[in-house]
Amino acid sequence: MAAIELRNVVKTFGPITAVDGLDLNVPEGICLGLLGPNGAGKSTTMRLLTGQAVADSGDLHVLGHELPAQSKPARAEMGVVPQLDNLDVDVTVEDNLAVYARLYRVKDVGAAVDRCLDLARLRDRRRDAVDKLSGGMRRRLLLARGLVHEPRLVLLDEPTVGLDPQIRTELWTLIGDLKSRGTTILMSTHYIEEAERLADEVAVMHRGKIISRGRPADLISEHAGRQTAEVYAPPQRLTELRVSAEAAGLKVRPAGPAIAIVGSEQARDGAVPEDAVVRAATLEDVFVLLTGEEAE
Amino acid sequence: MEASTQAQSRGRTMRRLEPAAIAGVMSREVANFRTYWKGTTFSSVLEPLVYLLAFGLGLSATLVDEVNGIPYIQFVGTGMVATAVIFSSALPAMFGTFVKHRFQNTYEAILAAPVDVEELVSAEMLWIGTRSVVTFFWGLDPEPGMLLTPLFAFVTALGFAGFGVAMAATVAKIDQFNYVTALFVTPLFLVAGTFFPIEGLPEGFQIVAQVNPLHQLVELVRGGAFGFEWQDLLRFAFLVVFAVATWRVAIHQMRKRLID
Ligand SMILES: Nc1ncnc2c1ncn2[C@@H]1O[C@H](COP(=O)(O)OP(=O)(O)O)[C@@H](O)[C@H]1O
Ligand SMILES: [Mg+2]
């Protein structure tokens, strides 16, 4: 049984189709990265899984429970770490955890709180109010709160969006630990590096659909080949190069001030200029080619 | 097949209105209350006292001796007990719910746990009802006739808590609470028969007073202090209906807000 099974799921908000015939299957024990630009429908998908949005049509199963009818028992077995910090700031670290242990019907609240304090490395701050903590500590606490009932499945919606690089790295370590314990993870992100580091498999989401899926290395060889040549030049020359590379059957994508000629190992002589910087193809190449959006 | 049977049996164990879910949400409120109770309790005791002093002593010294045979200070005192309820239930429910929903994203996290909107709203109402009664009544004389007063006040506070939650789920912006206060809270407070008997009001106001839960509560509190009448049973029934009605409306409005 897959941890998450979505079939042909549609969710509209008035004229907007946020999720458009989504098929998604997350087997137990993997970390699936849901990679997509802003507005792709990632958060809506997460909200469908927690019963906070109800699909217009389609089949949804989470841990064997059918949604939305069985949403409550499904929620009891999954952990959710929100994108926005919604800790109770005046309340102590341990009380924040204890409240959620009760909401998840944990039998031994004290033991669960201690376990989470260790996990978030906040044991010596347990009696401090949350607003006394640093940004990184709060994020670790937010993550630990979602794990207070030792869920089999964890949903992470853009877990590090807007955080500074050091905090982001700290969280990646914690998510890595969670993965190594065998917890199934569905993590949405629009950061390529986050998906590359943590995800066993990546599903690229665009306009409410999964447009490609696989292990990062497989996605790269399927869509981007082996090598990418980046050319930095004045705009006019870039336009000319683009036209000639595309005429030679190569895929070209914008890369900030440069263009990237993808699959350059297949180029015939002359299609890639001498001054190009040739590097290994990346997931970013795939993302930009597939979604047409510049990556962050 | 086996997996789905298992899932179904697990599904059946999670009922509606589970005490564990309601207790969990209330425990969050208790944890927060411990950080702000001093200020809230101070104002919820002080405000009615100020009114009591201003009206009770001021008016009784100059204009009014007694109303329907009750010394004016006692008339206002019993009325004040009742009207304190609306300020300690409707207003915290309105502002607290709005802030938790819109500014703190608290409900987003609670509803990701095995808690339904119905349980969330019930817990918030129960908490406000309890707090409203406890913080105000800890100074009250436990005379035998007054023993039922906390019960009357609790049911009324539940009703106004439901009203507040429903309003919080209905307004688009927090400023719109000004309209709610001007249109509902203040008039209900004034036409409750706290400071003067409603018999002295024009007929239209008297009809409004009859459907004003606060007026019914004022009468019940006076009943407890000075003797019940048979109509008080109807008054209590009215308060129960009020609480149940606002409970259902609050759940309906919150579901519209919280579930897409
Ligand atoms: N509650 C809502 N009401 C109206 N539109 C919404 C709502 N939630 C999401 N949308 C729209 O649905 C689309 C997908 O949004 P979202 O799922 O948040 O994307 P992502 O998380 O990938 O950035 C966007 O166009 C967004 O504006
Ligand atoms: Mg999002």
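The sequence lines fix the lettering, A, B, ..., with proteins before strands; numbering per chain opens at 1. All values derive from a computational prediction rather than experimental measurement.
- At a 4.5 Å heavy-atom cutoff, the contact between B/S27 and chain A is made by backbone and side-chain atoms alike.
- Only the side chain of A/L84 comes within contact range of chain B, with heavy atoms under 4.5 Å apart.
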Pair B/V121-B/R255, side-chain contact (heavy atoms from CB on, under 4.5 Å): steps then yes or no: CA-CA 10 Å; B/V121 170; B/R255 212 176 259 143; over 6 Å; no
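- Interface remark: of the candidates B/G24, B/A109, B/A31, B/A20, B/A109 forms the most heavy-atom pairs closer than 4.5 Å to chain A.
- In this structure, the separation between CG on B/D260 and OG1 on A/T44 is 7.5 Å, given to the nearest 0.5 Å.
- If you measure heavy-atom distances from A/D95 to chain B, the contacts under 4.5 Å come from the side chain alone.
- Within the 4.5 angstrom heavy-atom criterion, only backbone atoms of B/L258 (N, CA, C, O) approach chain A.
- With a threshold of 4.5 angstrom between heavy atoms, A/V54 approaches chain B through its backbone and through its side chain.
- A/R126 places no side-chain N or O within donor-acceptor distance of the main-chain N or O of A/V93, the cut-off being under 3.5 Å.
- Neither the backbone nor the side chain of B/V117 comes within contact range of chain A; no heavy atom of the residue lies under 4.5 Å from a heavy atom of that chain.
- The candidate with the highest count of non-hydrogen atom pairs below 4.5 Å against chain B, out of A/V80, A/T50, A/V91, is A/V91.
- The candidate from B/K100, B/E119, B/E108 with the greatest count of non-hydrogen atom pairs under 4.5 Å with chain A is B/E108.
- Put simply, the residue from A/V9, A/D56, A/V10 that forms a side-chain contact (heavy atoms from CB on, under 4.5 Å) with A/V19 is A/V9.
- The pair B/R131-B/E29 does not count as a salt bridge, with every side-chain nitrogen at least 4.0 angstrom from each carboxylate oxygen.
- In this structure, the side chains of A/M187 and A/L198 come closer than 4.5 Å at one or more pairs of heavy atoms.
- The existence of a salt bridge linking A/D85 and A/R145 is excluded, since no basic side-chain nitrogen approaches an acidic carboxylate oxygen closer than 4.0 Å.
- Residue B/I22 does not touch chain A at all, counting heavy-atom pairs closer than 4.5 Å.
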